[in-house]
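Here's the structure, in structure tokens; my notes come after.
Numbering of residues begins at 1 and proceeds along the displayed sequence. FYI, side chains are in, hydrogens and waters are out, and symmetry mates aren't considered; it's all heavy atoms of this structure.
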Amino acid sequence: MQQLRAVPCSPPPGRLTEGPVWDDRRQELLWVDIPDGLVHRAALTHEAATPDLVGTSTLRFGSAVGAVQPCASGALLAAVGTSLVRLDPDRPVEAAVELAAPVLPGDGLPRRMNDAAVDPAGRLLVGSMAYDESPGAGSLYRLDGDGLVTPGSMAYDESPGAGSLYRLDGDGLVTLLDSVTISNGLGWSPDGTRLYYADSPTGRVDVFTYDTGTGTLTDRRPFAALDRGVPDGLTVDADGRVWVAVWGGGEVLAFTPDGALHARVEVPAAHVTSCAFAGPDLDVLVITTAKEGLDEAARRAQPLAGRLFTCRPPTRGLPPVPYADH
């Protein structure tokens, strides 16, 4: 098994940094700080032997931002509160336009959007969760860029509750999974036929058979279970290995396509939230972390919590796909 160690980057720590994604069009990294409603951009530099990030801009939304994705048009698609909004280039956040929002159950539970990713055909999948992490209160949705609303493909109930997984079509959200607790990591195999998915409290990553032609999911089965911590965000490399951020474990674990442990990246922060390959050659793994969820003693013991980190595994990421908004 490969043993790697991540090193911190220059941007200051956030409360709950998440959702790193490489914007190939602008050659910049995007990520969010969820509770503060921030979307950050940074350039990747190689002035020293170790890659670093230099911040270029920050957008400040008025609500929690669970995820952000670049669009093919150059706009941004952001999961703000319980809505998906589009912001055109060089426009203030006040100009953001809501594309879709789910009809929420009337159970009084406050919810927000969480992790999101774009499939090989340019559709957005995004999950939700309750602020108090109530079991089953989250969902997974799908948004297509063609303006069509189509039925959800399946529901999978593992624990009682009212959560879901959705697909966003051009003028609406399609529910793909219900009874989700904390909808997190999403990533596709290089050929697009597998979707890897983490509902964090299950303690494992599952895999679906995925139809890129229709955006439907079938045949959910366990892929990899964790011995400690819970799976958070994830990414897939060009060789089909799945890199999983481990919340509460201080590490990123890489699994081969058959679920065998391949590599471990040590991170000097317990709450590792997500990871993504970045750079012109997609050969730098960028890792996000959180200081939220740590008590004062733990924060003093982990002064780097909330920062971004990088390392260079001997592999490359898959080319990022923007949301197909035109």
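- How far OH of Y131 is from CG of L109: 12.5 Å, rounded to the nearest 0.5 Å.
- Using a 4.5 Å heavy-atom cutoff, the side chains of L308 and I287 are not in contact.
- Ionic pairing of R25 and D23 is not present here: no N-O contact between side-chain nitrogen and carboxylate oxygen is shorter than 4.0 angstrom.
- Checked against S200 for a side-chain hydrogen bond (donor to acceptor under 3.5 Å, both in side chains), the options N184, N114, D115 give a single hit: N184.
- Taken from CG in L59 to CG in L76, the straight-line distance is 6.5 Å, to the nearest 0.5 Å.
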inquiry  = Assess the residue pair Q302 and L294 against the criterion (side chain to side chain contact (heavy atoms under 4.5 Å, CB included)); give the C-alpha distance rounded to whole Å, side-chain angles, the decisive distance to 0.1 Å, and a yes or no.
reply    = CA-CA 9 Å; Q302 300 175 46; L294 299 175; 3.9 Å; yes
key: Stepwise side chain to side chain contact (heavy atoms under 4.5 Å, CB included) check, V205 with L226   = CA-CA 8 Å; V205 176; L226 304 188; 5.7 Å; no
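- Checking T181 against E133 by side-chain atom types alone, no donor-acceptor pair falls below 3.5 Å.
- By the 4.0 Å N-to-carboxylate-O rule, D107 lies close enough to R111 to be salt-bridged with it.
- A salt bridge links R86 with D325: at least one charged nitrogen is closer than 4.0 Å to a carboxylate oxygen.
- Salt bridge annotation for R316-D237: absent, with no cationic side-chain nitrogen under 4.0 angstrom from a carboxylate oxygen.
- D33 has no carboxylate O lying under 4.0 Å from a charged side-chain N of R15, or vice versa, which leaves the two without a salt bridge.
- Partners of W247 according to the ring pair (Phe, Tyr, Trp, His ring centres under 6.0 Å) rule, which considers only residues two or more places apart in sequence or in another chain, are H271.
- Y210 and D119 share a side-chain donor-acceptor pair at under 3.5 Å.
- Neither side chain, H262 nor T256, offers a donor N or O lying under 3.5 Å from an acceptor on the other.
- The closest side-chain donor-acceptor pair between S274 and D232, if any, does not fall under 3.5 angstrom.
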